[in-house]
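Okay, structure first, notes after.
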Protein chains: 2
Amino acid sequence: MPKSKRLMEMMMVVNQKRKFTVRELAQEFGISQRTVLRDLQELSELGVPLYSEVGPHGGYRVLKERILPPIAFTEEEAIAIFFATHALRHYTSLPFETESSSALGKFYYYMPEDVRARIDQMKSRVDFVTPMRQTGSPYLALLLDAAVQQKVLSIDYESRGGRSEREVQPIGIYTKNGFWYCSAYTFSYQSIRVYRCDRIHNVLPSPTEPLPSIRSLNLDTMDLNHSPGLEEPKIELAVELSKEGVELCEAEIWSAPYVRKREDGAGSMEGEIPRSEIPYLAKFFIGLGQDARVQRPQELVDRIRQMLSVLVDQYGG
Amino acid sequence: MPKSKRLMEMMMVVNQKRKFTVRELAQEFGISQRTVLRDLQELSELGVPLYSEVGPHGGYRVLKERILPPIAFTEEEAIAIFFATHALRHYTSLPFETESSSALGKFYYYMPEDVRARIDQMKSRVDFVTPMRQTGSPYLALLLDAAVQQKVLSIDYESRGGRSEREVQPIGIYTKNGFWYCSAYTFSYQSIRVYRCDRIHNVLPSPTEPLPSIRSLNLDTMDLNHSPGLEEPKIELAVELSKEGVELCEAEIWSAPYVRKREDGAGSMEGEIPRSEIPYLAKFFIGLGQDARVQRPQELVDRIRQMLSVLVDQYGG
DNA sequence: ATAATAGTGACAACTATTGTCATGGTTATT
DNA sequence: AATAACCATGACAATAGTTGTCACTATTAT
């Protein structure tokens with residue numbers, strides 16, 4: 001085998017075995033140990049992060065870093081990857097221990113000049129914004145690890161009611177609108193709850209046995225907005241909207257699917273909502289003022305009236 | 001230079017010039033043309049997508065695809081890149097013409113086995129969610145292109161008041177909370193406005209001369225929430241917050257920096273706000289109900305009272 | 001101590017790489 | 001139709017690089 005090809009192959013082999021000895025490689029490639037040593041040095045010079053230890057149980061290792069063999073990306077693909085990774089800079093916490101900037105640097109460095117120029121021009125003209133929060137979420141990596149390995153954790157959580165310990169078996173973590181959430185089976189409630197990660201004040205391994213039935217659950221099969229299994233009774237919602245009201249509701253994630261627009265631009269909103277949403281909806285529709293007229297359910301109308309009377313008291317009629 | 005190194009270098013050179021002739025390369029590397037031909041064939045066999053055309057003005061070309069030479073990513077970096085790119089699947093519209101999935105496929109394919117395994121496990125347990133909107137934004141690529149090249153466009157925009165044509169010079173586009181926005185100098189207003197890209201119904205090149213002073217503006221130097229140059233007079237805000245109020249305000253992007261927390265969990269909010277924000281703030285603080293007591297400015301209190309009286313009329317006291 | 005491992009240097013044998021030359025083919029330009 | 005600018009391939013001797021072997025050193029776990 002010609003040397004140049006051998007080097008490429010060796011790159012791959014070395015990547016897969018993380019640990020190996022010179023003798024092993026020599027046998028595998030059918031060359032002398034001396035040559036293997038020479039080759040490994042060349043790989044080193046080419047940037048493969050090898051290091052070696054002498055003595056029994058010694059050998060070569062590839063450091064935590066790995067090599068990706070030459071990958072052919074189209075220009076558009078490279079750009080997409082660049083900007084996606086660039087967007088990570090908006091996150092104060094990530095579940096990976098990484099300065100994503102170092103990865104970007106490498107990526108960027110190896111791009112053909114003209115692609116790099118194009119990226120430079122675009123860099124200050126496209127952005128994927130995520131609301132930046134000041135509160136960090138230090139336990140993301142631990143929670144994710146527990147989800148992957150299906151371990152039970154004991155977390156110190158600050159909910160509305162105050163701080164408390166709970167045993168949870170994490171299903172997964174996700175970020176949305178600048179916050180990180182952890183969806184987890186909670187033993188004390190015997191159901192799945194969502195926790196905001198920045199309100200988790202401590203995480204410890206727990207001796208509790210993990211529930212095997214939770215293992216097969218994951219984020220893809222879950223609706224990230226509601227806890228499954230908590231099938232709440234739904235009640236009917238009916239709201240009249242002005243033209244402005246229509247626009248505002250279409251801009252809201254949860255409400256957009258329910259909005260019906262009439263020809264004149266005004267419209268209505270109809271759909272089924274869980275009863276537990278009433279407090280939120282009351283606030284929401286009060287915020288819309290004249291642009292929304294809630295008609296049903298009566299409970300929502302009552303709630304709005306009640307809130308109004310409190311407010312009137314507070315601010316003086 | 002040893003052949004193996006020459007091949008690596010040639011990979012890079014060939015990547016940068018998209019078009020080249022055998023003679024050029026021969027001179028550049030100080031080798032014979034015959035050797036260049038042999039090398040190019042090897043590169044071909046190694047996967048570099050070369051093709052050649054004979055005759056005058058012929059020569060070699062690298063197809064649209066490019067090669068990235070071996071890049072050393074740490075495991076964590078590779079994972080971060082993977083998930084960042086994976087997150088793009090939540091977007092219905094992107095300014096790049098790409099199936100980011102193809103790039104991901106390649107990336108994934110070339111990873112060492114155990115990293116791939118780790119990603120597999122994590123894939124369904126981490127996510128970067130972006131609200132998925134039904135409305136697409138078909139002109140993103142055009143708008144971005146105009147921003148990069150500083151061209152003037154004539155857009156057909158649907159604002160509150162209805163549809164109208166306007167001449168704009170885009171500064172950049174960004175996505176936030178599921179929508180794409182385009183920040184652009186608008187000739188008819190002689191100021192910078194932000195447009196929601198899904199409300200842009202048509203985009204045409206305009207013969208208007210671009211303003212050179214806009215060229216130097218970009219998204220990084222802009223506050224994405226406000227138009228620059230519009231230095232509005234600020235007025236003082238003072239609000240008392242209950243414990244719940246503190247939590248709610250800390251969860252809100254704009255208000256979080258102003259919140260002061262006291263020992264008992266309750267707190268206050270103080271800061272300067274532009275007068276134009278009063279309508280928004282009125283809605284916001286009404287939504288907080290008893291958990292917020294606005295004290296200053298008086299204009300805000302008045303506005304709240306006014307809104308309340310309208311609401312009381314509407315829903316019956 | 002011993003055995004297992006990496007690391008270096010020297011050198012002859014070997015092999016691959018290279019340049020040159022010869023030849024042929026395609027295509028745009030004149 | 002001639003020409004010039006390209007790519008393409010084969011043959012072969014000169015050269016340059018690669019390889020294996022051997023001899024030696026150094027480190028470390030057992």
Side-chain angles (χ1 to χ4, degrees), chain A residues 1-67 69-70 72, chain B residues 1-67 69-70 72:
Chain A
M1 178 166 18
K3 188 189 173 194
S4 46
K5 302 209 174 183
R6 195 180 63 223
L7 282 178
M8 298 280 184
E9 281 204 25
M10 197 173 285
M11 222 184 218
M12 315 239 204
V13 169
V14 144
N15 255 324
Q16 283 178 1
K17 315 172 175 283
R18 298 187 65 163
K19 200 187 163 189
F20 56 91
T21 67
V22 174
R23 184 201 308 252
E24 263 172 58
L25 280 195
Q27 283 179 353
E28 202 162 326
F29 283 93
I31 54 178
S32 72
Q33 298 194 26
R34 185 66 183 85
T35 305
V36 169
L37 281 167
R38 284 192 273 243
D39 284 358
L40 288 178
Q41 192 178 330
E42 281 205 46
L43 284 189
S44 250
E45 283 162 16
L46 280 169
V48 185
L50 297 170
Y51 94 110
S52 57
E53 276 173 356
V54 296
H57 306 302
Y60 268 88
R61 295 183 186 236
V62 189
L63 294 186
K64 195 181 161 199
E65 278 108 45
R66 310 305 190 77
I67 298 304
Chain B
M1 180 171 10
K3 189 188 171 194
S4 45
K5 302 208 172 182
R6 197 180 60 225
L7 282 178
M8 298 281 184
E9 281 205 25
M10 198 173 285
M11 227 184 214
M12 314 233 208
V13 168
V14 144
N15 257 323
Q16 285 178 0
K17 317 172 175 283
R18 298 188 66 163
K19 199 187 163 190
F20 56 91
T21 67
V22 174
R23 184 202 309 252
E24 264 172 56
L25 281 194
Q27 283 179 353
E28 202 162 326
F29 283 93
I31 54 178
S32 72
Q33 298 194 25
R34 186 67 185 84
T35 306
V36 169
L37 281 168
R38 285 191 274 242
D39 283 358
L40 289 177
Q41 191 178 332
E42 280 206 46
L43 284 189
S44 250
E45 282 162 15
L46 280 171
V48 184
L50 296 170
Y51 91 111
S52 58
E53 276 172 358
V54 295
H57 305 302
Y60 268 87
R61 294 180 185 242
V62 188
L63 295 185
K64 190 183 163 200
E65 276 107 48
R66 310 304 191 76
I67 296 303

Bend angle of the helix from C:dA1-D:dT30 to C:dT30-D:dA1, end axes from five pairs each (to 10°): 40°

Test: salt bridge (Lys or Arg N to Asp or Glu O under 4.0 Å). Region: residues 41-52 of chain A. Which pairs qualify, not counting sequence neighbours? A:Lys3-A:Glu42, A:Glu45-B:Lys5

Base, sugar-phosphate, or nothing: which does B:Arg23 touch, judged by heavy atoms less than 4.0 Å apart? sugar-phosphate

With sequence neighbours left out, write down each residue that passes side chain to side chain donor-acceptor pair (under 3.5 Å) with B:Ser44, or none if nothing qualifies. none

What pairs with A:Thr21 under side chain to side chain donor-acceptor pair (under 3.5 Å), at least two apart in sequence or on another chain?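 If we apply the side chain to side chain donor-acceptor pair (under 3.5 Å) test to A:Thr21, skipping adjacent residues, there are no hits.
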
Output all residues satisfying side-chain contact (heavy atoms from CB on, under 4.5 Å) with B:Gln33, sequence neighbours left out; order by chain, then residue number.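 Per chain and number, B:Gln33 pairs via side-chain contact (heavy atoms from CB on, under 4.5 Å) with B:Val22, B:Arg23, B:Ala26.
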
Span of DNA chain D, from the first to the last nucleotide whose atoms fall under 4.0 Å of chain A heavy atoms: D:dT18 to D:dT30

Whole angstrom is fine here: how far is it from OH in B:Tyr51 over to P in C:dT26? 18 Å

Rounded to whole Å, please give me the gap between CD in B:Glu53 and P in C:dT26. 15 Å

Distances for protein N/O vs nucleotides 28-30 of chain C N/O pairs under 3.5 angstrom?
none

Give the residues of residues 27-36 of chain A touching DNA chain C, defined as any heavy atom closer than 4.0 Å, sorted by residue number.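 The answer is A:Arg34.
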
Output all residues satisfying salt bridge (charged side-chain N to carboxylate O under 4.0 Å, His left out) with B:Glu28, sequence neighbours left out; order by chain, then residue number.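 Listed in chain order: B:Lys17.
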
For residues 50-60 of chain B, run the donor-acceptor check on the side chains, cut-off 3.5 Å, and write out each pair with its distance to 0.1 Å, sequence neighbours left out.
unit_1	atom_1	unit_2	atom_2	d
B:Tyr51	OH	B:Glu53	OE2	3.4

